[in-house]
Undergrad: 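The structure that follows is given in the form of structure tokens.
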Amino acid sequence: MTAGPRMALGKKIAIIIIIVFLAGAAGIGWYARQTLRPMPSSDQPVRVVIPSGTGSSAIAQKLEQSGLIPNATMFTLYLKYKGQGDKLQAGEYELTPGMSLDAIIDVLNKGLTIKEQGVKLTVPEGFTVKQIAEKVNQQFGTEAGLFVKAAQEGNHYTAHSFSYIPDNPQVNNRLEGYLFPETYEWKKDIPIEDMLDQMMLELDKKLASLPDGWQESIRSRGQTVHQMMTVASLIEREVVLDEERPLVASVIYNRLSKSMPLQIDATVQYLLDKPKERLFEKDLQIESPYNTYLHPGLPPGPIASPSLASIKAAIQPADTKYLFYVTKKDGSKGHLFAETYEQHQQNIAASKKNQ
């Protein structure tokens, strides 16, 4: 008669042990996720010196002390899991809080150290892949055509932003819009794909600095990150004044919601060998999926590398009913905005008076 109660007690103990085990596993999983997350983003780079012969555990300690990783022990375990612990190179590095663990490991593996005689490359906001290729040719002597080809065909990238790019044959150049405009300093003999990866890693950092929930915000609009980057590139090529970027973003989204063609001149300029001071009717008839005069909706991809300000505007447009804008032509580089075609025509007339 005593076996029954004892068996019941045994089952209860077993259930308690299972619950404790599961709770412990969940706690360990939560702790691991927290300690493998990037540190809070910062615009201030941190210099880290790794002497020759330094082991992975000591390197991890230096990174934690510098505020670049949350936990040295978990970083060391992550290195062992990835099989990367014996590939880290000595030298002086400049790293930025907010970089992912994989990005930090990539920099240390490739030995992308600070060089006293490093070559600087400044990528201006609104530059295309071809324009960046020309600057790379000037600064590094790399053939522009090889740079453009690598941007179209290369695959060995660690940047997370590379995963946002769809496999779409209509995209003019796969990395268009994803090479963040910034000043870089590299070794003279840096491989092209490492250049491209570093520019996309910089985009990763900028996207990581955005307020929480930005991806949910664009998803609620039925938008992908690639489409958001495309809108940001249109804003970048159309707007000079920062305060107007959210306004132009609102025009783009308002026209899309009404199935109106965007009719953005910058998309036509993108198709030309050299930009024109003024587009002619024949230019507006160039057949291309990028021509927003002929084809409704967004072009297949970005038309330039957008600034962070344009990215923010694409994510958080102004709340307006504007459907049109025209350049003021008074030297201010600003625009006149309108809700109706009649108002737009009046703005065009007012703009011409200022020529």
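Atom set for the values below is all heavy atoms of this structure, side chains included, hydrogens, waters and symmetry mates excluded.
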Undergrad: Look at the aromatic rings of His335 and Tyr325 and report parallel, tilted or perpendicular, splitting at 30° and 60°.
TA: perpendicular
Undergrad: Is it true that a side-chain atom of Ser52 and a backbone atom of Ala90 form a donor plus acceptor pair closer than 3.5 Å?
TA: no
Undergrad: Can you give me the closest heavy-atom contact between Pro38 and Gly98, atom names plus distance?
TA: CB-O, 3.5 Å
Undergrad: Side-chain contact test, heavy atoms from C-beta onward, threshold under 4.5 Å: evaluate it for Leu68 versus Met99 and give yes or no.
TA: no
Undergrad: A side-chain contact here means heavy atoms from C-beta on lying under 4.5 Å apart; do Trp186 and Gln198 qualify?
TA: yes
Undergrad: Go through Phe180 and Lys206 one step at a time and tell me if the side-chain contact (heavy atoms from CB on, under 4.5 Å) criterion holds.
TA: CA-CA 9 Å; Phe180 194 80; Lys206 293 301 186 290; 3.5 Å; yes
Undergrad: CG of Asp319 to OH of Tyr253: how many Å apart, nearest 0.5 Å?
TA: 13.5 Å
Undergrad: Would Val268 and Leu294 show up in the same hydrophobic cluster when neighbours are defined by side-chain heavy atoms closer than 4.5 Å?
TA: no
Undergrad: Spell out, as yes or no, whether a donor-acceptor pair under 3.5 Å connects the side chain of Ser66 to the backbone of Leu63.
TA: no
Undergrad: With salt bridge (charged side-chain N to carboxylate O under 4.0 Å, His left out) as the criterion, how do Glu236 and Arg245 come out once you've worked through the C-alpha distance, each side chain's angles and the decisive distance to 0.1 Å?
TA: CA-CA 8 Å; Glu236 188 64 44; Arg245 296 180 196 275; 3.4 Å; yes
Undergrad: Hey, which of Ile165, Asp197, Asp194 is the one that makes side-chain contact (heavy atoms from CB on, under 4.5 Å) with Tyr157?
TA: Asp197
Undergrad: What pair of heavy atoms forms the shortest contact from Ala314 to Ile235, and how long is it?
TA: N-CD1, 3.9 Å
Undergrad: Does Thr224 offer a backbone N or O that forms a donor-acceptor pair with the side chain of Gln227 under 3.5 Å?
TA: yes
Undergrad: Relative to each other, are the rings of His226 and Tyr178 parallel, tilted or perpendicular (30° and 60° limits)?
TA: parallel
Undergrad: Any sub-3.5 Å donor-acceptor pair from Lys188's side-chain atoms to Gln139's backbone N or O?
TA: yes
Undergrad: Against Val136, only a single residue in Leu121, Val148, Val119 fulfils side-chain contact (heavy atoms from CB on, under 4.5 Å); can you say which?
TA: Leu121
Undergrad: Do Phe162 and Phe147 belong to the same hydrophobic cluster, where Ile, Leu, Val, Met, Phe, Trp and Tyr are linked whenever their side-chain heavy atoms lie under 4.5 Å apart, directly or via other members?
TA: yes
Undergrad: Hey, could you give me the NZ/CG distance between Lys187 and Leu112, rounded to the nearest 0.5 Å?
TA: 6.5 Å
Undergrad: Side chain of Gln89, backbone of Asn109: donor and acceptor closer than 3.5 Å?
TA: yes
Undergrad: Would a 4.5 Å heavy-atom cut-off, applied to side chains only, mark Leu234 and Thr292 as touching?
TA: no
Undergrad: I'd like to check Pro317 versus Arg221 (side-chain heavy atoms, cut-off strictly below 4.5 Å). Are they in contact?
TA: yes
Undergrad: Decide whether Leu175 and Ile303 are clustered together by the hydrophobic rule: side chain heavy atoms of Ile, Leu, Val, Met, Phe, Trp, Tyr closer than 4.5 Å, transitively.
TA: no
Undergrad: Is Glu64 reaching over with its side chain to a backbone N or O of Ala72, donor-acceptor style, under 3.5 angstrom?
TA: yes
Undergrad: Taking it one step at a time, do Leu210 and Leu308 satisfy side-chain contact (heavy atoms from CB on, under 4.5 Å)?
TA: CA-CA 9 Å; Leu210 293 171; Leu308 184 59; 4.0 Å; yes
Undergrad: Below 4.0 angstrom, N of the basic side chain to O of the carboxylate: do Lys130 and Glu134 qualify?
TA: no
Undergrad: Supply the atom-to-atom distance Glu238 CD to Ser310 OG, rounded to the nearest 0.5 angstrom.
TA: 11.0 Å
Undergrad: Find the distance between CG (Leu262) and CG (Asn254) and round it off to the nearest 0.5 Å.
TA: 11.0 Å
Undergrad: When you measure from the side chain of Asp204 to the backbone N and O of Ser161, does any donor-acceptor pair fall under 3.5 Å?
TA: yes
Undergrad: Please lay out, stage by stage, how Thr96 and Glu202 fare under the test side-chain contact (heavy atoms from CB on, under 4.5 Å).
TA: CA-CA 10 Å; Thr96 307; Glu202 188 64 28; 5.9 Å; no
Undergrad: For residues Ala313 and Ala249, report the shortest heavy-atom separation together with the two atoms involved.
TA: O-CB, 3.4 Å
Undergrad: Is there a donor-acceptor pair under 3.5 Å between the side chain of Thr267 and the backbone N or O of Tyr290?
TA: yes
Undergrad: Short question: side chain of Gln269, backbone of Pro275 - any donor-acceptor pair under 3.5 Å?
TA: no
Undergrad: Same cluster for Phe140 and Val123 if Ile/Leu/Val/Met/Phe/Trp/Tyr side chains link at under 4.5 Å?
TA: yes
Undergrad: May I ask you to check whether over 12 heavy atoms, not counting those of Gln316, lie within 6.0 Å of atom CD?
TA: no
Undergrad: Mark yes when over 12 heavy atoms from residues, nucleotides or ligands other than Lys205 sit less than 6.0 Å from its NZ; otherwise mark no.
TA: yes
Undergrad: With a 6.0 Å cut-off (strictly less than), is the heavy-atom count around CD of Gln44, excluding the residue itself, greater than 12?
TA: no
Undergrad: Just to verify, which of Asn168, Asn155, Asp167 counts as forming a side-chain hydrogen bond (donor to acceptor under 3.5 Å, both in side chains) with Arg174?
TA: Asn155
Undergrad: Evaluate side-chain hydrogen bond (donor to acceptor under 3.5 Å, both in side chains) for Glu281 paired with Gln285, printing each intermediate quantity in order.
TA: CA-CA 7 Å; Glu281 183 61 32; Gln285 299 305 315; 3.0 Å; yes
Undergrad: Any chance you could measure Tyr293, atom OH, to Leu284, atom CG, to the nearest 0.5 Å?
TA: 5.5 Å
Undergrad: Please give me the minimum heavy-atom distance between Arg237 and Thr128, naming the atom from each residue.
TA: NH1-CG2, 3.9 Å
Undergrad: Looking at Tyr322, is Arg255 sitting on its ring face, NZ or CZ under 6.0 Å from the six-membered ring centre and within 45 degrees of the normal?
TA: no
Undergrad: Restricting to non-hydrogen atoms, name the atom on Ser233 and the atom on Pro306 that form the minimum distance, rounded to 0.1 Å.
TA: N-CB, 3.9 Å
Undergrad: Say you draw a straight line from CZ of Phe127 to OG1 of Thr122; how long is it, rounded to the nearest 0.5 Å?
TA: 10.0 Å
Undergrad: Run the numbers on Leu271 and Asn172 for side-chain contact (heavy atoms from CB on, under 4.5 Å), then give the verdict.
TA: CA-CA 10 Å; Leu271 304 173; Asn172 185 52; over 6 Å; no
Undergrad: Group every Ile, Leu, Val, Met, Phe, Trp and Tyr by side-chain heavy-atom contacts under 4.5 Å, then state whether Phe75 and Met39 land in the same group.
TA: no
Undergrad: Is there a side-chain contact between Ile190 and Tyr184, using heavy atoms and a 4.5 Å cut-off?
TA: no
Undergrad: Taking C-beta and beyond as the side chain, do Lys149 and Ile192 meet within less than 4.5 Å on heavy atoms?
TA: no
Undergrad: So, Asp330 and Ser332: side-chain donor and acceptor under 3.5 Å apart, yes or no?
TA: yes
Undergrad: Tell me if the NZ atom of Lys276 is crowded by more than 12 foreign heavy atoms within 6.0 Å.
TA: yes
Undergrad: Please give me the minimum heavy-atom distance between Ala144 and Ala133, naming the atom from each residue.
TA: O-CB, 3.6 Å
Undergrad: Would you say Ser250's side chain and Leu247's backbone share a donor-acceptor pair under 3.5 angstrom?
TA: yes
